[in-house]
Amino acid sequence: MKVLCVAEKNSIAKAVAEHMSGGRVAAENTGNRYIKNYKFNFDFGQPWGRCNVTMTCVSGHLTELTFPSEYNADWKYPAPDRLFNAPVSVSIPEGNRTIASNIEQEARHSQALFIWTDCDLEGEHIGGEIREVARKANSRIEVKRARFSNIERAHILAAARRPTALDDKQVEAVNARLELDLRIGFAFTRFLTNNLRSLGGPLSSMVLSYGSCQFPTLGFVVDRYFRVKNFVPEPFWGIKVAHERENQNVTFSWARGHLFDRASVIILFERCLVAKMAKVTKVQEKPTSKWKPLPLTTLEFQKNATRFLRMTGAEAMSVAEGLYQKGFISYPRTETDRFDKGMNLRALCEKQTPDTRWGSFAQNLVNGAFQQPRQGRHDDKAHPPIHPITYAAPSVLNANEQRVYEFVARRFLACCSEDAKGMATDIEITYGDEIFGAHGVIVLERNYLDVYPYENWTGTTMLPKFTLGEQFEPTEAMMTEGKTSPPSYLTEADLLALMDANGIGTDATMAEHIKKILDRKYVFTHQRGGARGLTEFIPSALGCALIEGFDRMNFETSLGKPFLRKEMELKMKAICNGRTTKQAVLQESLTQYRQVYDQSQEQLGVLRAVRKPHIPRNGMGLELTETNHHRQACRQYVFPGQN
DNA sequence: GCAAGGTC
């Protein structure tokens with residue numbers, strides 16, 4: 001019997017073929033340079049038994065969804081809203097023909113198709129695409145699906161011997177998303193472009209796109225911009241107590257922090273002065289540690305790259321992609337922050353010993369300092385955390401590759417070493433009726449910090465000796481005054497965190513959405529505090545106008561808000577659970593968006609007017625006042641760390 | 001000329 005196995009990408013096909021064949025595998029070229037057919041024998045057990053196996057792959061999605069050509073000639077006719085119910089068809093784009101024909105050819109001589117795509121929703125859908133192509137060539141082919149969550153040998157062999165069925169509900173859930181993104185994206189892009197180009201100026205040649213991810217991304221930037229712009233500082237007051245001892249000035253901070261009522265602070269402060277003597281009510285010395293970082297996910301990788309490597313998320317991803325293709329690092333698109341127990345991490349540490357910069361640290365881990373990495377709470381059940389595979393000497397990498405590789409390698413070694421250790425001293429005093437505290441830390445063992453220069457432990461102050469119960473008169477006691485300061489503009493790391501918390505995009509696409517709103521001139525970047533500062537995102541007048549315009553027009557559903565994407569995700573889940581169907585979701589969502597479209601058309605004036613005064617200003621330096629809608633909308637999304 | 005999602 002002959003079995004055709006198809007994975008989502010070559011790296012999985014290759015790894016699975018290695019495991020199943022025990023290394024006795026022949027790799028054959030296909031009509032596509034990225035795709036190989038791996039041929040070997042494997043005993044599946046009952047009922048297939050010993051089989052001739054071809055293991056091959058696709059390269060992500062195989063098909064595309066398109067409108068008929070008569071809808072594409074002119075963006076004005078047929079009117080964009082016709083795209084809400086125009087026919088759509090599934091086809092194989094030119095670039096994927098060779099991949100499809102490889103599957104067809106192999107399927108003709110196979111009795112079974114065994115699908116090995118990633119075990120996530122998109123992977124299930126790709127499995128569905130593969131099944132269609134295979135069935136077209138061989139209508140009687142038996143179709144099975146492998147369930148696997150990592151590519152460890154034993155796990156893969158178990159999955160190979162326990163074929164399951166493709167989950168059609170998951171396939172349908174993705175079909176619903178695909179169709180909605182296409183219809184709504186195209187319809188609103190054409191609507192915006194048609195109607196705002198006529199305002200003239202730089203707009204007349206621009207494409208004004210709408211997308212269910214790019215608009216919420218823009219919404220975050222605009223939201224923060226208005227928070228900064230409309231910030232009103234509030235004065236506050238506090239009490240500072242300091243005491244000099246052993247030539248060291250120890251500052252005690254007030255347990256209440258600060259209060260916004262000056263009179264209350266005056267009263268509390270006067271009680272301190274009247275008491276005159278402060279009393280030591282707690283002296284605590286205890287070991288403390290600074291935790292080593294978690295195994296590296298794509299999101300963390302991008303956030304760190306924008307902070308420490310001075311690259312954009314999109315640049316960092318493209319460099320990581322190259323390092324992956326050359327075999328230096330593992331697959332760079334992963335949500336997993338825990339290593340599988342079965343992985344030989346010590347062997348990976350050993351690979352790093354040749355390096356002149358971190359080699360001796362790696363050697364020390366191999367010699368016994370190795371510690372199992374922390375286990376995060378995320379697992380995409382498809383890919384391990386990003387880690388170095390083989391050693392890459394600086395001479396074989398270009399400048400950006402060197403920096404990314406160094407970060408990935410150091411991060412991995414940090415994960416495999418020990419937390420930094422220190423001793424914390426906490427002193428609490430009572431002064432009047434108020435409590436004040438001083439905190440000091442001395443670092444005893446740097447451990448992972450030695451290999452991970454991106455972090456430091458700054459609290460290296462040792463406090464002088466204070467004894468429980470002792471009384472002293474502080475050398476300084478004063479009332480302080482300050483005011484609240486505005487938030488800063490979003491950095492790329494902030495933006496990525498917001499997108500993640502609100503489910504906008506995936507690990508593989510978040511950086512692209514950010515790049516998209518830059519390319520569209522909806523936002524621009526600016527270096528905080530000069531050329532070497534952090535990059536921050538500020539909306540253009542156009543970006544503000546688009547978000548503000550939709551906020552003002554649509555009372556029920558504003559296109560700039562991220563919960564629409566959340567809704568889509570919930571609906572996809574409901575399709576998977578069988579609580580609804582693709583058809584029902586499409587109908588419901590399209591009705592909803594049709595309403596937004598109609599409202600937008602009726603109130604086109606709002607969108608155009610909000611833009612009008614600012615055209616001469618070259619798209620920048622916009623002064624808009626905060627609207628009521630905007631103020632209400634501010635807290636309608638999830639902040640990173642919430643929940 | 002237009003989406004978001006895979007992937008190279």
Side-chain angles (χ1 to χ4, degrees), chain A residues 6-14 30 32-36 57-67 71-76 80 83-84 86 88 92-93 95-96 98-99 117-130 170-171 173-194 196-197 204-217 298 317-318 320-327 331-334 380 382-383 499 503-517 519-520 559 564-565 568-569 572 593:
Chain A
V6 185
E8 187 164 322
K9 49 188 161 270
N10 182 56
S11 62
I12 300 286
K14 190 177 176 190
T30 69
N32 184 301
R33 56 184 290 216
Y34 300 112
I35 289 174
K36 304 257 184 297
C57 66
V58 288
S59 188
H61 284 289
L62 196 50
T63 62
E64 66 179 358
L65 200 60
T66 49
F67 293 109
Y71 286 85
N72 298 326
D74 185 333
W75 280 20
K76 286 187 171 142
L83 298 179
F84 286 127
V88 287
I92 294 171
N96 287 350
T98 52
I99 304 175
T117 48
D118 293 355
C119 289
D120 50 31
L121 284 188
E122 296 297 328
E124 211 68 17
H125 183 266
I126 293 167
E129 297 177 292
I130 296 166
Q170 290 183 33
V171 176
V174 175
N175 276 326
R177 179 195 61 72
L178 278 166
E179 198 174 321
L180 280 174
D181 281 342
L182 177 75
R183 291 187 186 281
I184 295 162
F186 274 40
F188 278 101
T189 297
R190 292 180 186 187
F191 169 81
L192 285 174
T193 305
N194 291 345
L196 294 183
R197 272 191 178 181
S204 54
S205 57
M206 286 170 74
V207 169
L208 300 165
S209 61
Y210 167 81
S212 56
C213 287
Q214 52 179 273
F215 248 55
T217 305
T298 303
M317 279 311 288
S318 128
E321 179 71 27
L323 289 170
Y324 157 69
Q325 280 160 34
K326 291 178 195 160
Y331 190 65
R333 293 187 275 269
T334 174
D380 63 18
H383 308 286
M499 293 171 75
I504 303 302
T506 68
D507 50 332
T509 61
M510 287 193 294
E512 288 171 32
H513 300 310
I514 295 175
K515 192 169 172 297
K516 174 85 73 181
I517 60 174
D519 291 346
R520 293 273 185 250
L559 294 186
L564 288 176
R565 194 74 201 171
M568 182 65 232
E569 248 168 62
M572 284 171 77
Y593 281 95

Non-neighbouring partners of [X] that pass ring-ring contact (aromatic ring centres under 6.0 Å, His included), sequence neighbours left out:
X	answer
Tyr71(A)	none
Phe186(A)	Phe67(A)
His513(A)	none

Exercise. Going 5' to 3' on DNA chain B, which nucleotide is the first and which the last to come under 4.0 Å of a heavy atom in chain A?
Worked result: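 Result: dG1(B) to dC8(B).
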Base, sugar-phosphate, or nothing: which does [X] touch, judged by heavy atoms less than 4.0 Å apart?
X	result
Thr193(A)	base
Tyr324(A)	sugar-phosphate
Tyr331(A)	sugar-phosphate
Gly505(A)	sugar-phosphate
Arg565(A)	sugar-phosphate
Leu208(A)	nothing
Tyr210(A)	sugar-phosphate
Lys326(A)	nothing
Arg183(A)	nothing
Leu65(A)	base
His513(A)	sugar-phosphate

Problem set entry | Residues forming a salt bridge (charged side-chain N to carboxylate O under 4.0 Å, His left out) with Arg565(A), sequence neighbours excluded |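 So Arg565(A) forms a salt bridge (charged side-chain N to carboxylate O under 4.0 Å, His left out) with Asp181(A).
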Exercise. Between Glu569(A) and Arg177(A), is there a salt bridge with N-O shorter than 4.0 Å?
Worked result: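 Judged by the 4.0 Å cut-off on N to carboxylate O distance, Arg177(A) and Glu569(A) do not form a salt bridge.
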Problem set entry | Contact nearer the 5' end of DNA chain B, comparing Ala73(A) with Gln325(A) |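 Its nearest nucleotide being more 5', the pick is Ala73(A).
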Exercise. Starting at the 5' end of DNA chain B, which residue's closest nucleotide do you reach first, Asp181(A) or Asp118(A)?
Worked result: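 The residue mapped nearer the 5' terminus is Asp181(A).
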Problem set entry | Contacts of Thr66(A) that satisfy side chain to side chain contact (heavy atoms under 4.5 Å, CB included) - sequence neighbours left out |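 Thr66(A) satisfies side chain to side chain contact (heavy atoms under 4.5 Å, CB included) with Glu64(A), Ser89(A), Ser91(A) only.
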Exercise. Would you say Lys515(A) has more than 12 foreign heavy atoms packed within less than 6.0 Å of its NZ?
Worked result: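 Counting neighbours around NZ of Lys515(A), 12 or fewer heavy atoms of other residues, nucleotides or ligands fall under 6.0 Å, so no.
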